[in-house]
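Not measured: the values here are computed from a predicted model. Order of appearance sets the numbers: ligands from 1, and atoms from 1 within every ligand. Computation of the quantities below employed the complete heavy-atom set of this structure, encompassing side-chain atoms and omitting hydrogens, waters and symmetry-equivalent molecules. Heads up: numbering here begins at 1 and tracks the sequence.
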Amino acid sequence: MTWVEQLRAHEATCRRAPSAHNTQPWLPEYHADEIVINVDQSRSLPDSDPTGRDLGLGIGAFVETCLIVAADLGLNVTAAPGPRLVAAPHRYPTPFRIVDIESRRVARGRYANGPVDPAVLADLEPGLVHLPAQDLARELVVADRWLFGTPAVAAELRDWLRLDPRHPRYHLDGLTDRALVLSRFEARFLAASLRAYPVTRRLGLAALLAVSGRSLLRYDGSILVMLANGDDHIAAGRRLLRTWLALARHGLAVHPLSQLIDCPVTAARLAERVGGQPLALFRVGRPLAEPTRSARL
Ligand SMILES: Cc1cc2nc3c(=O)[nH]c(=O)nc-3n(C[C@H](O)[C@H](O)[C@H](O)COP(=O)(O)O)c2cc1C
């Protein structure tokens, strides 16, 4: 088997890469001696992600995941512009293995109290700013209200929600009720609200939903903001994945809250607070319950 065939045989593992709304926008195209990573535009989020930031981050995370899988298989592969995966003289240097890829998962439930140990933070790649979770509690309410109150953004979220196990795409992609840690009642309420969206919006649903997220950051926890580092979104997505895997090695999970950098008002205040351009923002901590394994195509 060629290296391309061997890596292709492990495509399911590579697909464990994270992506916003679990859209899985990557489209690997296999050639004799290279793999071109195309973007599936039908899986982009033009309204919630108009700059393509999250799309690039997701593609970058996929590239890094493929490189880790290749290295663990003993294949000499590197990334090239495109992005593409090409043969290399050496194995990709990484401390991570397939087992790290398989066990990584976002955790949206409650975390143990207490900030992340500074020694762990010192171990991470540069370009991260630590903030106490409570500092952004009120900002999250503003961002959630913007998210649910902006029709095109809410509609895009609705399209990727799988709030009922009978949903035909429940095991394929998108965000399930279980991944979002919603009770049956909460899932039904959210589904009904989004179905009747034009009416519920006028009735102040946006405010109602925003309040529901109010307590999420009201604890003694940590948020990390990943700043642009002169790298492109693909390189940043690779950095993001390495950061999440490094945290996981310390037993720490992440929960991205991208609405804080999507909402123009909170994004501007955040940029000022951290003194840079935020590309990703996530809460970090020890989850109190085992997170669900998300679906993949
Ligand atoms: C660039 C990016 C942005 C994301 N933004 C959010 C977010 O705002 N809220 C959230 O709950 N999850 C967010 N996620 C997590 C994805 O929803 C998650 O990776 C996907 O559902 C697959 O689940 P898994 O990572 O547990 O495998 C984001 C992931 C990426 C890569």
### Any N or O of Gly58 closer than 3.5 Å to N or O of ligand 1
no
#### Entry: Heavy atoms from other residues, nucleotides or ligands near CZ of Arg269 exceed 12 (cutoff 6.0 Å)
yes
### Summary
Nearest non-hydrogen contact to atom 16 (C) of ligand 1 from the set Ser19, Ser48, Pro18 belongs to Ser19
### Message
Between ligand 1 and Ser258, is the shortest N or O to N or O distance under 3.5 Å?
### Response
yes
### Query
Does any N/O atom on Val106 come nearer than 3.5 Å to any N/O atom on ligand 1?
yes
### Query
Quick one: which of Arg108, Arg283, Arg105 has a heavy atom closest to atom 17 (O) of ligand 1?
Arg108
### Message
So that I can tick it off, tell me whether Asp164 and Arg188 are bridged by a salt bridge, with the cut-off set at under 4.0 angstrom between side-chain N and carboxylate O.
### Response
no
### Task
Output the list of atoms in ligand 1 that are nearer than 4.0 Å to some heavy atom of Leu175, sorted by atom number.
17 (O), 21 (O)
### Task
Compute the minimum heavy-atom distance from Arg104 to ligand 1 and say whether it is under 4.0 Å.
yes
### Query
Do any nitrogen or oxygen atoms of Ser294 come within less than 3.5 Å of a nitrogen or oxygen of ligand 1?
yes
### Query
Transitive ILVMFWY cluster of Leu297 at side-chain heavy atoms under 4.5 Å: who else is in it?
Leu172
### Query
Does the side chain of Ser48 come under 3.5 Å of the side chain of Glu156 through a donor N or O and an acceptor N or O?
yes
### Message
Taking 4.0 angstrom as the limit and counting only heavy atoms of Gln259, give me the atoms of ligand 1 inside it, by number and element.
### Response
8 (O)
### Query
Who's closest to atom 2 (C) of ligand 1 heavy-atom-wise, of Ala20, Ala17, Pro256?
Ala20
### Message
Taking Glu102 first and then Arg293, would you say they form a salt bridge - that is, a charged N and a carboxylate O separated by under 4.0 Å?
### Response
yes
#### Entry: Any Ala280 heavy atom less than 4.0 Å to ligand 1
no
### Task
Assess whether atom CZ of Arg249 is packed by more than 12 heavy atoms of other residues, nucleotides or ligands within 6.0 Å.
yes
### Query
Has Arg293 got any heavy atom lying under 4.0 angstrom from an atom of ligand 1?
no
### Query
Starting from atom 1 (C) of ligand 1, which protein heavy atom do you reach first, and at what distance in Å?
Asp54 OD1, 3.5 Å
### Message
Below a 4.0 angstrom heavy-atom separation, can you tell me which part of Leu57, side chain or backbone, both or neither, approaches ligand 1?
### Response
side chain
### Message
At under 4.0 Å between heavy atoms, is it the side chain or the backbone of Ala61 that contacts ligand 1, or both, or neither?
### Response
neither
#### Entry: Nearest atoms (heavy-atom pairs only) where Tyr92 meets Val77
CB-O, 3.7 Å
### Task
Mind checking whether Leu257 contacts ligand 1 via backbone (N, CA, C, O), side chain (CB onward), both or neither, at a 4.0 Å heavy-atom cut-off?
backbone
### Query
Trp26 vs Phe62 aromatic rings, parallel, tilted or perpendicular, using cut-offs 30° and 60°?
parallel
### Task
Please report which non-hydrogen protein atom sits nearest to atom 21 (O) of ligand 1, along with the residue it belongs to and the distance in Å to one decimal place.
Asn22 CB, 3.3 Å
### Query
Any side-chain hydrogen bond (donor to acceptor under 3.5 Å, both in side chains) pairs touching residues 76-90, not counting sequence neighbours?
Glu34-Arg84
### Query
At their closest point, which heavy atom of Leu216 faces which heavy atom of Arg108, and how far apart are they?
CD1-O, 4.4 Å
### Quiz item: cation-pi between Arg242 and Phe96, 6.0 Å / 45°
no
### Message
Polar contacts were defined as any N/O atom of the residue lying under 3.5 Å from an N/O atom of the ligand; does this apply to Arg296 and ligand 1?
### Response
yes
### Contact atoms of ligand 1, heavy-atom distance to His21 under 4.0 Å
17 (O)
### Query
Given that the side chain starts at C-beta and the backbone is N, CA, C, O, which of these parts of His255 lies under 4.0 Å from ligand 1, counting heavy atoms, or is it both or neither?
side chain
#### Entry: Residue that, paired with Asp173, satisfies salt bridge (Lys or Arg N to Asp or Glu O under 4.0 Å) out of Arg162, Arg296, Arg15
Arg162
